[in-house]
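Report on one structure; see the data block that follows.
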Amino acid sequence: MIMKISVPPALLSSILLRGSASTYASAFTTLGSRPSSIAQSGIVVPSSSSSSSSSSAVSFSSSTISGIRGGGGGGGGISSSSSSSLNMSSKKEPFNTWTFDRHCETMDWTPAPRAELVAVDAASSQPGDDADLVIVAVFAPPKDEDEEEDGDDDDEKEIDPIVLTGRAKELDDALGGALTELAAENSKAFRNGGSAGSSTPATRVAMEGSKARRYMLLGLGAEEKDEEEVESSTIAKVGAAVAAACHDQKRAESCDVLLPSKITASSLEDLSTAFYSDLYADNRYRKRVELKAEDTKSVKLFVEGGVLSDEDAASSIATGAALASGCSLTKDIVNAPHNVLNSESLADTARRIAAESGGSIVCEVLGKDECEARGMGAYLGVARGSETQPQFIHLTYRPTDGDVKKRVGIVGKGLLFDTGGYNIKTGMMELMKFDCGGAAAVLGAARAIGATKPDGVEAHFVVAACENMINDRAVVPSDILTASNGKTIEVLNTDAEGRLTLADALVFVDEECECESIIELSTLTGACMVSLGKKICGVWTDDDDLAKDLEGVSKVTGDKSWRMPLEKEYKELLKSKIADMTNLGGPYGGAITAGLFLTEFVNKKKPFAHIDIAGPVWDDKAGATGFGAKLVTEWVRRQGE
C-alpha cells in the first residue's frame, strides 16, 4: 500500500536546519522494508525514528530536491529532547550533543572552505593583474646522473642562479628581476624549487600605478624531461602548499598561481583535492572559530600553453573538490566524540549522503529485527552493549545510465567507540573514537562517489554500526555467537569485537548484494601498526589481481599501502575446542590471524581484500587524517572502466 504524507512546515524547517539539503519536497512516500520494493527513480531514505527497528523508507524524486549543499550542518540541528543539553550553558547550543535522557541523533558536518578555485588560460590573461598574492610554480633543473647517484644532501654545494622561462620569465622581467632575486636570496633553502611543495617567503613588489602585491616561488621538484605530466604526489604537495600560503598570507583575498604546461586535467583534480583538503578545519566543538585561509575568496590557476579547455579544467577542479568533501566527512566522523557520534547519528549521516547525491545513491538502514531475521548474531552480540539501537547501514550507488559492468562491495568497521568491553582497555581509550575509521573512509568515499557519479559500476557501501561498551547485556568472554553464514564463534576476548561486526557485514555484501569483488577497511589491530607504523596501511588478499589494483590505486591517491602475507598455516591459531572458531589467535601474528578470520565470511572464489588502516587513520598532532576515502573512491571508479 502507498500512503501520501504531507510534511508540516515546522518539520520541513527542522530538516533544512539540519543541513541535509536546501530544499525538500513537501510530500513523500512510505515504502516497504525489503530492497526489492525500492523505487528505482528516487533517493530512498529510511525513517529516522530511532525507537523502531523497521527499515521502512521515504522516497524523494530527484526532481523534487534542489540546492543540495555539500557540508551540511555547521551549527544547526534541533534536538527532539526537552531536556537541557549537557553543554551546561544558557546560551544556544554550539553543537548537537546528548542530553541526560537522550542520545545525540545527528552529527554536524564541517562546511566546505569558502575559497573558490578556478582555472584561467595564461595565454589570454596575465597573472597578478588584480591579485593580492601571486605564486609562481617552477621546476628545478633536471638532475644529471652524477647528482642522482650522489643525492642532493650536500648543503655546501653552490646553487646555480634560477632560470625562468615562459610566462614566469615575462613576469620576472616586468618586475625588474624580483623573482630571480627572490630565488637567489633563498637559494640554500629553496634550491630553485628542487623539493616539491617548498616555497620562498613572500616579497612585496610595488609597481608604478598599481598596488603592492606579494610574490612567492613554489617548487615543483626537478623536471623530468621524459615525463609529459607531473606526478600526482608532486601536484598534491603543490595544492597543499597553495592552501598553506593563502592561510599564512593574511588579508590576501585573491591569489593567482602560475603553473607550467605539464599540468593536465588529472593534475588539476589532484591539486584541487589537496587544496581543499588542506583547508579543512574542524570548528564544530569550538566556541572560538579558527578557519584556514579565512581571508581568501578566490584562487586562479593560470596554466601555460592553453593545454586545457575551460570545460575540462572546470570538471577536474569540481571532481577534486568533491573528493575533498568526502575526505572532509571522513575526518568529521573520526574526530567526532562519542557523545555526538553513535550508531544512530551515523545512520543519519548516511541518509544525508543519499539525500545530496541527486538520486544516484539509495540508503537503507536495517534495524534490530531485520538483522535478527538475517541471523546476524556476531554483529548483534557486540551491539547488545550499546546505548543506541544497532544500525546496519547499506548505501547503494548505481550509475545514472543504468549500465553496470561490475558490482562491488565496500565494508567499513563502524565501532563508534571501543572500550574493549569486559576485556577493558588499559590505555589509549581516549583515542578509541577513531575505531570507526573504516566506516568513515567508506562513507566519505560514498559521498565522493555520489557527487562524481562514475560510470559502469554498482557499489554497495556497508557499515554495521554499534559501540563496544559494558553493561548487563554486553557479550562476555566465553560467549559463543552465530554469524549469518551459520558459523559459530567463541569469544575469547571482547576487545577483538570489530571482526565480529565485520563478519556479518561481509556475508551481507557477498550473499545478499551478490557483489563480485569486495574490499573491507578497518582499524582492526595494533599488530599492523607495529609492523607498518602510522603512515602505511596493510593489505591482506589471496587475489594477485586485486592486490595489484590496490597497489596502483595507492600510488595514485597517496594513501600508502603494503601487501602483507595471509599465511594459511596460522588458521590453526583460530581453532576452538567447542565452536567453529575463536575470535582471537595467538600472541603473535595478530594482524594475519585477523585477516584469516575475515576470509571465513566471504566466498573463497571471490576477490576479497582486508585493509587494516589502524595506523594512518589518526595523527597525534592533527587528529583525523581522512585516510582511506581517496583510496576507496579511486578503486570504485576503476571498477567501471
Side-chain angles (χ1 to χ4, degrees), residues 2 20-21 23-25 27-46 55-68 70 269 311-312 315-316 318-319 322-323 325-326 350-366 393-412 442-463 508-519 546 549 553 603 606-607 629 632-641:
I2 297 178
S20 299
T23 312
Y24 270 82
F28 52 84
T29 304
T30 301
L31 301 175
S33 62
R34 300 296 298 146
S36 60
S37 67
I38 293 175
Q40 297 299 314
S41 61
I43 302 172
V44 177
V45 189
S55 62
S56 61
V58 295
S59 173
F60 296 97
S61 169
S62 58
S63 63
T64 62
I65 301 179
S66 62
I68 301 295
E269 180 180 325
E311 183 178 352
D312 288 343
S315 176
S316 296
T319 299
L323 185 50
S325 74
R351 295 183 184 105
R352 290 162 62 186
I353 292 171
E356 74 170 19
S357 72
S360 62
I361 292 181
V362 166
C363 178
E364 179 188 29
V365 178
L366 304 179
I393 299 166
H394 177 204
L395 291 170
T396 304
Y397 166 78
R398 294 185 178 90
T400 53
D401 61 5
D403 182 19
V404 176
K405 298 177 182 177
K406 192 171 184 180
R407 183 184 297 114
V408 299
I410 310 97
V411 175
V442 168
L443 294 180
R447 186 186 191 193
I449 290 294
T452 56
K453 297 176 175 49
D455 295 328
V457 61
E458 177 179 308
H460 295 263
F461 303 90
V462 172
V463 173
F508 181 85
V509 296
D510 179 15
E511 298 183 1
E512 187 160 333
C513 301
E514 298 181 333
C515 293
E516 302 164 56
S517 186
I518 301 167
I519 63 172
L546 180 55
D549 195 9
V553 168
N603 188 319
K606 292 185 179 181
V632 172
T633 303
E634 178 64 14
W635 182 78
V636 170
R637 185 192 66 78
R638 291 188 178 193
Q639 303 313 298
E641 294 180 344

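All residue numbers refer to positions in the sequence shown, counting from 1.
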From [atom1] ([X]) to [atom2] ([Y]), nearest 0.5 Å:
X: T452; Y: Y397; atom1: OG1; atom2: OH; answer: 7.0 Å
X: S316; Y: E311; atom1: OG; atom2: CD; answer: 10.5 Å
X: L395; Y: L443; atom1: CG; atom2: CG; answer: 6.0 Å
X: D455; Y: T400; atom1: CG; atom2: OG1; answer: 6.5 Å
X: E364; Y: R351; atom1: CD; atom2: CZ; answer: 11.0 Å
X: L323; Y: E269; atom1: CG; atom2: CD; answer: 7.0 Å

> Would a distance-only check, ignoring hydrogens and angles, find a side-chain to backbone donor-acceptor pair under 3.5 Å from K453 to R398?
Replying inline: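 Looks like no, no N/O pair under 3.5 Å.
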
Looking at side-chain heavy atoms only, is the closest gap between [X] and [Y] below 4.5 Å?
X: V636; Y: I410; value: yes
X: C363; Y: I353; value: no
X: I449; Y: T633; value: yes
X: R447; Y: E356; value: yes

Could you report the tightest heavy-atom contact between [X] and [Y], atom names first, then the distance?
X: I361; Y: A446; value: CD1-O, 3.2 Å
X: A445; Y: A629; value: CB-O, 3.7 Å
X: A322; Y: S325; value: O-OG, 2.5 Å
X: C513; Y: H460; value: SG-ND1, 3.7 Å

> Please walk me through it: do V553 and R638 pass side-chain contact (heavy atoms from CB on, under 4.5 Å)?
Replying inline: CA-CA 9 Å; V553 168; R638 291 188 178 193; 3.8 Å; yes

> Which residues pass the salt bridge (charged side-chain N to carboxylate O under 4.0 Å, His left out) test with K606, sequence neighbours left out?
Replying inline: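 For K606 the salt bridge (charged side-chain N to carboxylate O under 4.0 Å, His left out) partners, ignoring immediate neighbours, are D510.
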
> Considering residues at least two apart in sequence or located in another chain, which fulfil the ring-ring contact (aromatic ring centres under 6.0 Å, His included) criterion with F508?
Replying inline: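 ring-ring contact (aromatic ring centres under 6.0 Å, His included) check on F508 returns F392, H394.
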
State which residues pass side chain to side chain contact (heavy atoms under 4.5 Å, CB included) with [X]; sequence neighbours excluded, sorted by chain then number.
X: S517; value: K406, V408, L546, P607, W635
X: R637; value: P454, E634, E641
X: E514; value: R407

> Do D549 and Q639 get their side chains close enough for a donor-acceptor pair, meaning under 3.5 Å?
Replying inline: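 Checked: D549/Q639 side chains pair up, N/O donor to acceptor below 3.5 Å.
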
>> So, using side chain to side chain donor-acceptor pair (under 3.5 Å) as the criterion, who are the partners of D312 when residues are at least two apart?
In response: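 In terms of side chain to side chain donor-acceptor pair (under 3.5 Å), with neighbours along the sequence ignored, D312 is linked to S309.
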
